[in-house]
Amino acid sequence: MEPYDSPELTPSQSVSSDVKDSTPWQKRLESVRKQTSFLQTTPRRKIPECSQLQETIDPHKVAFLLNKQWTLYSLTPLYKFSYSNLKEYSRLLSAFIAAEKQKGLAMEVGEDFNIKVIFSTLLGMKGTQRDPEALIVQILSKSQLPSKNREDKVLWTGWFCCIFGDSFLETVSEDFTCLPLFLANGSDSNTAIIGTWFQKTFDCYFSRLAISAFNLSWMAAMWTACKMDHYMATTEFLWSVPCSPQRLDISYAIHPEDAKALWDSVHKTSGEVTQEEVDLFMDCLYSHFHRHFKIHLSATRLVCVSTSVASAHTDGKIKILCQKYLIGVLAYLTELAVFQIE
């Protein structure tokens with residue numbers, strides 16, 4: 001699966017702006033405050049942070065998960081799943097893939113179909129001790145080289161997790177294993193066949209997890225609030241404007257220090273992000289953009305955000321870039337996956 005890239009924008013299709021200019025953020029902030037009304041009761045979420053359990057994660061496995069495009073799914077609880085049977089599951093899924101290949105289904109697993117499936121756990125990929133262990137499944141193409149030079153090629157990877165899923169876990173009986181967030185990297189045909197096997201074996205159901213513009217705004221605010229220890233990437237937004245004969249996309253690039261300065265000017269609650277702060281953060285961006293280009297971004301649809309922590313697209317594609325905030329990003333995605341199931 002190729003990494004997601006925003007569509008290339010011709011000069012007539014794109015408008016970009018560097019936020020830094022001579023007008024102080026604080027003046028525009030006060031102007032936006034006067035024009036914006038907020039609900040009295042505002043949802044709150046913690047700013048993503050590093051979990052103590054995260055320190056036990058295998059660094060090689062984490063490195064493999066970062067900087068790849070993942071397609072998001074929500075997954076209902078697995079019935080009669082057992083972590084002690086992972087070797088057996090590997091054998092059964094390998095046989096299932098072979099059987100499907102013999103039926104003539106399109107499977108991208110190599111010309112000779114010399115593959116193997118590996119189930120393994122991802123220790124430390126959890127928010128609390130109560131969260132079930134994260135599960136990773138890989139399809140590998142066996143190398144035909146001598147064993148000492150052998151290096152199997154990863155054809156497809158999927159991983160399942162439940163980060164800070166306490167409220168969801170309380171509603172499910174002991175016969176079920178809750179791993180509501182599923183992330184896949186590889187061909188759609190392989191994802192479909194693995195999904196079919198899981199559904200038949202554990203009586204579960206997969207559904208694509210799209211990310212609404214509302215949740216993209218939350219991601220942008222929370223990720224901007226994160227303190228980075230090293231190089232910070234440009235903060236980028238992509239808005240879509242439905243029009244004829246073709247869609248118009250508006251890209252908006254912001255220097256990371258400017259984005260952080262804006263966030264610090266609207267952020268009032270230590271360690272938390274509120275709905276009011278998210279709305280104010282986005283409204284300030286809208287106000288700045290309108291001041292320069294006379295375009296009301298609030299009338300368009302936010303489809304993609306990208307920060308130093310991660311990038312996400314409304315079609316359910318995500319790329320996690322920072323190991324430090326891996327657990328925090330997965331916690332929010334778990335929340336979205338659980339919400340879709342319920």
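Since the structure is predicted, the reported quantities are computational estimates derived from the model, not experimental observations. Atoms considered below: every heavy atom in the structure, side chains included; atoms not considered: hydrogens, waters and symmetry mates.
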Original post:
Taking it one step at a time, do M282 and L302 satisfy side-chain contact (heavy atoms from CB on, under 4.5 Å)?
Top reply: CA-CA 11 Å; M282 297 303 296; L302 181 61; 4.1 Å; yes
Any non-hydrogen side-chain atom of [X] less than 4.5 Å from a side-chain atom of [Y]?
X    : Y    : answer
R45  : V278 : no
K87  : F119 : no
D166 : D131 : yes
M125 : L326 : yes
I318 : V329 : yes
D249 : S240 : yes
L78  : T201 : no
F96  : T196 : yes

Checking [X] now: which residues fulfil side chain to side chain donor-acceptor pair (under 3.5 Å) with it, not counting sequence neighbours?
X    : value
H296 : H290
K116 : D152
W159 : none
K61  : none

**OP:** Indicate, with yes or no, if the rings of F202 and Y79 have centres closer together than 6.0 Å.
**Re:**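 Ring-ring flag for F202/Y79: false, centres at least 6.0 Å apart.
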Original post:
Do the ring centers of F81 and F160 come within less than 6.0 Å of each other?
Top reply: no
Original post:
When rounded to the nearest 0.5 angstrom, what is the spacing between CG in L183 and CD1 in I320?
Top reply: 6.5 Å
Subject >> Value rounded to 0.5 Å, distance of OG in S306 from CE in M219 >> reply: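 Taking OG in S306 and CE in M219, the distance rounds to 12.5 Å.
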Subject >> Test log, rule side-chain contact (heavy atoms from CB on, under 4.5 Å), inputs I194 and I97 >> reply: CA-CA 8 Å; I194 275 72; I97 293 175; 4.2 Å; yes
Original post:
Angle class for the F206/Y73 ring planes (parallel below 30°, perpendicular above 60°, tilted otherwise)?
Top reply: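 The rings of F206 and Y73 stand perpendicular, inter-plane angle above 60°.
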Taking a hydrophobic cluster as the set of Ile, Leu, Val, Met, Phe, Trp and Tyr residues connected by side-chain heavy atoms closer than 4.5 Å, whether directly or through intermediates, do [X] and [Y] fall within one such cluster?
X    : Y    : result
I341 : F164 : no
L86  : F176 : no
I163 : F168 : no
I254 : F293 : yes
L122 : V154 : yes

At their closest point, which heavy atom of [X] faces which heavy atom of [Y], and how far apart are they?
X    : Y    : result
C284 : V266 : SG-CG1, 4.5 Å
Y252 : L285 : OH-O, 3.3 Å
E100 : I193 : CG-CD1, 3.2 Å
P132 : L179 : CG-CD2, 3.8 Å
T235 : P256 : OG1-CA, 4.2 Å
L209 : S74  : CB-N, 4.1 Å

Original post:
In terms of side-chain heavy atoms, does D315 have a donor or acceptor partner in H313 at a distance below 3.5 Å?
Top reply: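 Yes, H313 and D315 have a side-chain donor paired with an acceptor closer than 3.5 Å.
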Original post:
Does a donor on one side chain and an acceptor on the other come within less than 3.5 Å for W156 and S187?
Top reply: no
Check: [X] side chain, [Y] main-chain N or O, donor-acceptor pair, under 3.5 Å:
X    : Y    : result
D175 : K80  : no
T314 : I211 : yes
T157 : Q138 : no
E133 : Y83  : no
T234 : A253 : no
R208 : T71  : no
S94  : S90  : yes

**OP:** Evaluate the side-chain contact (heavy atoms from CB on, under 4.5 Å) criterion for residues I250 and F289: first the C-alpha distance (whole Å), next the side-chain angles of each, then the deciding distance (0.1 Å), finally the verdict.
**Re:** CA-CA 11 Å; I250 300 175; F289 198 86; 3.6 Å; yes
Subject >> Non-neighbouring partners of F237 that pass ring-ring contact (aromatic ring centres under 6.0 Å, His included), sequence neighbours left out >> reply: W239
Subject >> Residue pairs passing the side chain to side chain donor-acceptor pair (under 3.5 Å) test where at least one lies in residues 214-228, sequence neighbours excluded >> reply: S212-N215, N215-Y332, W218-Q275
Original post:
Should the heavy atoms of other residues, nucleotides or ligands under 6.0 Å from NZ of K46 be counted, would the total exceed 12?
Top reply: no
**OP:** Using a strict cut-off of less than 4.0 Å between a Lys/Arg side-chain nitrogen and an Asp/Glu carboxylate oxygen, indicate whether K260 and E257 qualify as a salt bridge.
**Re:**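 Not counted as a salt bridge, because no side-chain N and carboxylate O are separated by less than 4.0 Å.
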Original post:
So does E276 pair up with K268, basic N to acidic O under 4.0 Å?
Top reply: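 So E276 does not pair with K268 through a salt bridge.
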Subject >> Candidate pair L135 and T177, rule side-chain contact (heavy atoms from CB on, under 4.5 Å), full reasoning >> reply: CA-CA 11 Å; L135 176 70; T177 301; over 6 Å; no
